[in-house]
Protein chains: 2
Amino acid sequence: MTDVATPPRSARRTANALREALEDDIAVGLYPPGTRLDEVSLAKRFSVSRTPIREALIELSASGLVEIRPRRGAFVREIGIPRLIEMFEVMAELEAMCARLASRRMDAAERAALMEAHERCSDAAKAGDPDAYYIANEAFHDAIYAGSGNGFLAEQARELKNRLKPYRRLQLRVRNRVGNSLAEHQAIVDAIQAGNDDEAARVLRSHILIQGERFNDFVASLAAAEKTRRAQG
Amino acid sequence: MTDVATPPRSARRTANALREALEDDIAVGLYPPGTRLDEVSLAKRFSVSRTPIREALIELSASGLVEIRPRRGAFVREIGIPRLIEMFEVMAELEAMCARLASRRMDAAERAALMEAHERCSDAAKAGDPDAYYIANEAFHDAIYAGSGNGFLAEQARELKNRLKPYRRLQLRVRNRVGNSLAEHQAIVDAIQAGNDDEAARVLRSHILIQGERFNDFVASLAAAEKTRRAQG
DNA sequence: TCAACGCTTTTTGTATACAAGGCTGCAGGG
DNA sequence: CCCTGCAGCCTTGTATACAAAAAGCGTTGA
């Protein structure tokens, strides 16, 4: 339910809030890839007019999460396996670049933040809590983005990660990916702390590529999601 | 590579046409960085209502070309020198990645296209026509993007190049950058044709970084533009 | 003279109204 | 039985109307 008691305070509050809400709904799987996003339904659901809905959809289309087909409406973008491979390939390179720069540029505070995020990952892994690990993992990678000393790069990395979120979410629950992931994190931290930039880049690159390469599991989860979707719609 | 980022041309024609028109106006310098983009003025200028103008501005804001400050309007984004360095750093890495992949993956047709673009660059350089070189240069780099075999990467590279366009345009007219640029192109082509992926990446990376590093010229041109802007506004 | 307050004006953000293109379904013909 | 053409509805795209916030400006008080 939408919080009707929330008073309209900041500007473009509706449109921005809507964008985030829709992003979340898509990431969470409420609107699976291929779903048509009807303007009037969304307007009704959020108790606003079509205008802010349209603006939110346009933003989402710019970020690549939805696709606006002229005169036909907005659809949650369907990302095929080949394109997903491409995206992971780019993601891996961006993260590798972050790691390379971070290992050269991070100051003491940033290194401390990285270590702490790593600790929290470790705790979540020990507790066997994949959701907590998901959160901590995000902070871990974010620490590396921030440590690159390149704000633009960090933004790009975050944005792409966000686009891949719906797919990685499934991914993390497969096998005992968490355990392996943590070991890889350790290697990354070691390389960064040692200031070994090539090694840091290499390890982080493969850390990401592993997610994209496990296509047995990957395709399986996609197929399952697809099956569910077809069964419902 | 099959699905090039082709924005819908037919419907939403006003909004899309407007976006492109505004992009062009900004790139060309009609609206210098910092300019306020008033909705009603733009609406009047293009003989449309505020709605499509707003939608175009939102798209431009998503692409980073303009900045929408809540309740205060849209402004052509001012990109400071530090951020520009960051952007060139990322651009260099993206292009290097393209070159690395291209030298491994390009087929005969793609190599031929690259050679032809290189020829046209050479012609333009010999003719001393910087505008023609600008066009041919774009095709040259585009050929490498396409040859990477990674359509998503190609899109990202094109988008970022587009964002940097207003700044590179000035850049290319400096000194005899064209001559050096052509020599660098030759080295890139050689490396790609030899299938030497590391070398291709290295050469292309520095080819881009050179543009970002010449900050004596760069700052000078920016300062000049700034001066002009202040004199006018 | 200067600063602070409030009013007015201007502009953005949202809702609604109107226009136009696509989709569906039915009917008629091959 | 299937295919096609037309009509009506439904959805998107654009224009206009309305609301609210911020900036400009003048007045007033110290």
Side-chain angles (χ1 to χ4, degrees), chain A residues 1-23 25-26 31 34-78 233, chain B residues 6-23 25-26 31 34-78 230 233:
Chain A
M1 287 300 149
T2 40
D3 193 352
V4 284
T6 312
R9 267 286 154 70
S10 81
R12 263 179 75 72
R13 170 193 151 290
T14 34
N16 271 305
L18 285 174
R19 182 178 51 71
E20 285 171 29
L22 288 174
E23 264 176 6
D25 289 345
I26 292 171
Y31 298 122
T35 307
R36 188 181 128 89
L37 299 172
D38 181 56
E39 293 181 0
V40 295
S41 310
L42 291 173
K44 241 181 267 183
R45 186 182 150 211
F46 289 103
S47 302
V48 294
S49 80
R50 277 176 53 219
T51 308
I53 295 284
R54 275 182 70 83
E55 299 192 347
L57 288 175
I58 288 168
E59 286 182 79
L60 289 173
S61 126
S63 83
L65 214 65
V66 315
E67 186 184 354
I68 294 181
R69 295 213 274 272
R71 285 276 182 201
R72 315 185 81 188
F75 299 78
V76 179
R77 183 146 186 182
E78 300 213 54
Chain B
T6 313
R9 280 264 148 66
S10 59
R12 266 175 70 73
R13 64 194 162 289
T14 32
N16 268 303
L18 285 173
R19 182 177 52 73
E20 286 173 26
L22 288 174
E23 264 175 7
D25 289 345
I26 291 170
Y31 298 122
T35 306
R36 191 183 125 90
L37 298 172
D38 181 56
E39 294 180 359
V40 294
S41 311
L42 291 173
K44 243 183 265 183
R45 186 181 150 212
F46 290 102
S47 302
V48 294
S49 79
R50 279 176 50 220
T51 310
I53 296 284
R54 274 182 71 83
E55 298 193 347
L57 288 176
I58 288 168
E59 284 183 80
L60 289 173
S61 125
S63 84
L65 214 64
V66 315
E67 186 186 354
I68 293 182
R69 296 213 274 272
R71 284 279 180 200
R72 315 188 75 180
F75 299 79
V76 180
R77 182 146 186 182
E78 299 214 55
R230 302 222 179 215

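Letters go in sequence order (proteins before strands), and every chain restarts at 1.
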Once you round it to whole Å, what is the distance between [atom2] of [N] and [atom1] of [X]?
| X | N | atom1 | atom2 | value |
| --- | --- | --- | --- | --- |
| Ile68(B) | dT11(C) | CD1 | P | 17 Å |
| Glu55(B) | dT12(C) | CD | P | 16 Å |
| Glu39(B) | dA15(D) | CD | P | 14 Å |
| Asp38(B) | dG13(C) | CG | P | 12 Å |
| Arg69(B) | dT11(C) | CZ | C1' | 15 Å |
| Glu59(A) | dG13(C) | CD | C1' | 13 Å |
| Arg54(A) | dG13(D) | CZ | P | 5 Å |
| Phe75(B) | dT12(C) | CZ | C1' | 11 Å |

**Asked** Taking C-beta and beyond as the side chain, do Val66(A) and Ile26(A) meet within less than 4.5 Å on heavy atoms?
**Response**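 A side-chain contact exists here, since the closest heavy-atom pair is under 4.5 Å.
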**Message:** Please give me the minimum heavy-atom distance between Phe75(B) and Gly34(B), naming the atom from each residue.
**Reply:**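 Residues Phe75(B) and Gly34(B), closest heavy atoms: CD2-O, 3.7 Å.
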**Prompt:** Which side-chain hydrogen bond (donor to acceptor under 3.5 Å, both in side chains) pairs, counting each pair once, include a residue from residues 40-49 of chain B, with sequence neighbours left out?
**Reply:**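 Output for this query lists Asp25(B)-Arg45(B), Tyr31(B)-Arg45(B), Asp38(B)-Ser41(B).
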**Item:** Counterpart residues, side-chain hydrogen bond (donor to acceptor under 3.5 Å, both in side chains), relative to Arg72(B) (two or more places apart)
**Value:**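 For Arg72(B) there are no side-chain hydrogen bond (donor to acceptor under 3.5 Å, both in side chains) partners, ignoring immediate neighbours.
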**Request:** Mind checking salt bridge (Lys or Arg N to Asp or Glu O under 4.0 Å) for Arg19(A) and listing every partner two or more places apart, or none if nothing turns up?
**Result:**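 Scan of Arg19(A) (salt bridge (Lys or Arg N to Asp or Glu O under 4.0 Å), adjacent residues dropped) gives Glu23(A), Glu59(A).
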**Item:** salt bridge (Lys or Arg N to Asp or Glu O under 4.0 Å) against Glu67(B), all qualifying residues, sequence neighbours excluded
**Value:**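 Result, salt bridge (Lys or Arg N to Asp or Glu O under 4.0 Å) vs Glu67(B): Arg69(B).
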**Closest nucleotide among dG13(C), dA20(C), dT11(D) to the Arg36(A) side chain** =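 When the side chain of Arg36(A) is considered, dT11(D) is the closest of dG13(C), dA20(C), dT11(D).
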**Prompt:** How long is the span from the CG atom in Leu37(B) to the OG atom in Ser61(B), to the nearest 0.5 Å?
**Reply:**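 It is 11.5 Å, given to the nearest 0.5 Å.
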**Item:** CA sep, side-chain torsions, deciding dist, call: Leu42(B), Leu22(B), side chain to side chain contact (heavy atoms under 4.5 Å, CB included)
**Value:** CA-CA 10 Å; Leu42(B) 291 173; Leu22(B) 288 174; 4.0 Å; yes
Tabulate atom names and distances for all N/O pairs under 3.5 angstrom spanning the protein and nucleotides 23-25 of chain C.
residue : atom : partner  : partner atom : Å
dC23(C) : OP1  : Arg72(A) : NE           : 2.7
dC23(C) : OP1  : Arg72(A) : NH2          : 2.3

**Item:** Arg71(B) vs dT11(C): side-chain N/O to OP1/OP2 distance below 4.0 Å
**Value:**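 Arg71(B) to dT11(C) OP1/OP2: no side-chain N or O under 4.0 Å.
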**Item:** Test side-chain contact (heavy atoms from CB on, under 4.5 Å) applied to Ala43(B) - qualifying residues, sequence neighbours left out
**Value:**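 With sequence neighbours excluded, Ala43(B) shows a side-chain contact (heavy atoms from CB on, under 4.5 Å) to Arg50(B), Ile53(B), given in chain and number order.
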**Request:** Return the residues of residues 42-53 of chain B meeting this criterion: a heavy atom under 4.0 Å from some atom of DNA chain D. Order them by number, or give none.
**Result:**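 Residues of residues 42-53 of chain B under 4.0 Å from DNA chain D: Val48(B), Ser49(B), Arg50(B), Thr51(B), Pro52(B).
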